[in-house]
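To find a chain, count down the sequence lines: A is the first, B the second, and so on, and within it residues start at 1. Only heavy atoms go into these numbers, but all of them, side chains included; no hydrogens, no water, no symmetry mates.
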Amino acid sequence: GAVVSQHPSRVICKSGTSVKIECRSLDFQATTMFWYRQFPKQSLMLMATSNEGSKATYEQGVEKDKFLINHASLTLSTLTVTSAHPEDSSFYICSAVASGANVLTFGAGSRLTVL
Amino acid sequence: DAKTTQPTSMDCAEGRAANLPCNHSTISGNEYVYWYRQIHSQGPQYIIHGLKNNETNEMASLIITEDRKSSTLILPHATLRDTAVYYCIADINTGTASKLTFGTGTRLQVTL
C-alpha cells in the first residue's frame with residue numbers, strides 16, 4: 001500500500017532557529033500533500049495544502065512566512081518552521097493521496113520541541 | 001464537510017466487539033464516511049470508508065444507516081493494540097485530493 005515517510009521523527013532546537021521537516025511519498029507520486037499540526041491532547045488541525053510546482057495554500061490563521069512549504073517534486077514536500085519559538089512545539093503530520101486512490105495516507109509525524 | 005459527533009471516550013474488554021458510533025446528520029449525498037484511528041504519538045491510520053452500503057475489510061466493519069445520518073464502526077475482536085483515538089470524518093472522495101477535517105474523535109480504551 002501507499003507509504004508516506006516523514007523525517008525527522010523527533011527534533012529539538014533552540015529558540016530562534018529554523019527547522020525543516022521532510023515528507024516523502026515512497027511508492028507513489030503526490031501532486032498534493034497536506035500538513036497538519038497537533039498539540040497535546042488536541043485533534044489534528046490542517047495548516048496548509050502543498051501543491052507540486054506551485055505555492056502552498058494556507059489555512060486561516062497560519063502564517064505563511066513562518067511555516068514555509070516547498071513541494072519541488074512529486075514525491076517530496078518540506079515544511080520549514082522559521083525562527084521557531086517554544087509555542088511552535090507540536091506534532092507535525094503530513095499526508096498525501098496516491099493517484100487513483102481515494103484515501104489519505106499519513107506519515108508517522110514529526111515531534112518538534114523548541115527550547 | 002459535514003460535522004460529525006462522536007462520544008468522547010469508550011471502554012471495551014479485550015476479545016469483545018467494539019462498536020463506535022458516529023452521528024453525521026447533515027451529511028450530503030456525495031460525502032463519504034471515513035474512519036481513521038491514531039495510536040498515541042503516531043500519524044492517523046486509515047481504517048475503512050463507505051458511502052451508503054455497509055463495508056467490511058480485514059480491520060473492521062462499517063455500518064451506515066439507511067438515511068446516512070449515522071454510522072457505526074465495529075472492531076469485531078478488540079485487542080489491547082486497538083487502544084487509540086478513532087476519528088469519524090464525512091468528506092467527499094479524497095481521490096480528488098480533498099483535505100480531511102478532524103474532530104475530537106472517540107478515545108477507545110481496550111482493557112484486559
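- A/Met47 and B/Ile89 fall into different hydrophobic clusters, where Ile, Leu, Val, Met, Phe, Trp and Tyr side chains are chained together by heavy-atom contacts under 4.5 Å.
- Under the 4.5 Å side-chain heavy-atom criterion for ILVMFWY residues, a single connected hydrophobic cluster contains both A/Tyr58 and A/Trp35.
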Would you mind writing out the side-chain donor-acceptor pairs for residues 105-115 of chain A within the sub-3.5 Å range, not counting sequence neighbours?
residue: A/Ser110; atom: OG; partner: A/Gln6; partner atom: NE2; Å: 3.0
residue: A/Ser110; atom: OG; partner: A/Pro8; partner atom: O; Å: 2.6

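- Using non-hydrogen atoms only and a strict 4.5 Å limit, no part of residues 55-64 of chain B faces chain A.
- For A/Lys66, the side-chain hydrogen bond (donor to acceptor under 3.5 Å, both in side chains) test picks out A/Asp88, with sequence neighbours left out.
- By the 4.5 Å heavy-atom criterion applied to side chains, A/Tyr36 and B/Leu100 are counted as neighbours.
- Considering every non-hydrogen atom in both A/Leu104 and B/Tyr46, the closest pair reads O-CB, 4.4 Å.
- From B/Ser41, atom OG reaches atom CZ of A/Arg10 across 6.5 Å, with rounding to the nearest 0.5 Å.
- Linking Ile, Leu, Val, Met, Phe, Trp and Tyr whenever their side-chain heavy atoms come within less than 4.5 Å leaves B/Tyr36 and B/Val33 in two separate clusters.
- The line from OG1 of B/Thr104 to CG of A/Leu44 is 12.0 Å long, rounded to the nearest 0.5 Å.
- Only the side chain of B/Gln38 comes within contact range of chain A, judged by heavy atoms closer than 4.5 Å.
- Applying the side chain to side chain donor-acceptor pair (under 3.5 Å) test to pairs two or more places apart or on separate chains, those with a residue in residues 17-27 of chain B are B/His24-B/Ser71.
- Residue B/Met10 is grouped with residue B/Leu80 when hydrophobic side chains (ILVMFWY) are merged at heavy-atom distances under 4.5 angstrom, including chains of intermediate members.
- When all heavy atoms of B/Tyr34 and A/Val103 are compared, the closest pair comes out as CE2-CG1, 4.1 Å.
- The CE atom of A/Met45 lies 8.5 Å from the OG1 atom of B/Thr101; values are rounded to the nearest 0.5 Å.
- Cluster annotation: B/Tyr32 and B/Trp35 are assigned to distinct hydrophobic clusters (Ile/Leu/Val/Met/Phe/Trp/Tyr, side-chain heavy-atom contacts under 4.5 Å, transitive).
- Only the side chain of A/Leu46 comes within less than 4.5 Å of a heavy atom in chain B; its backbone stays farther off.
- Residues B/Tyr87 and A/Ser43 meet the side-chain proximity criterion, which asks for heavy atoms closer than 4.5 Å.
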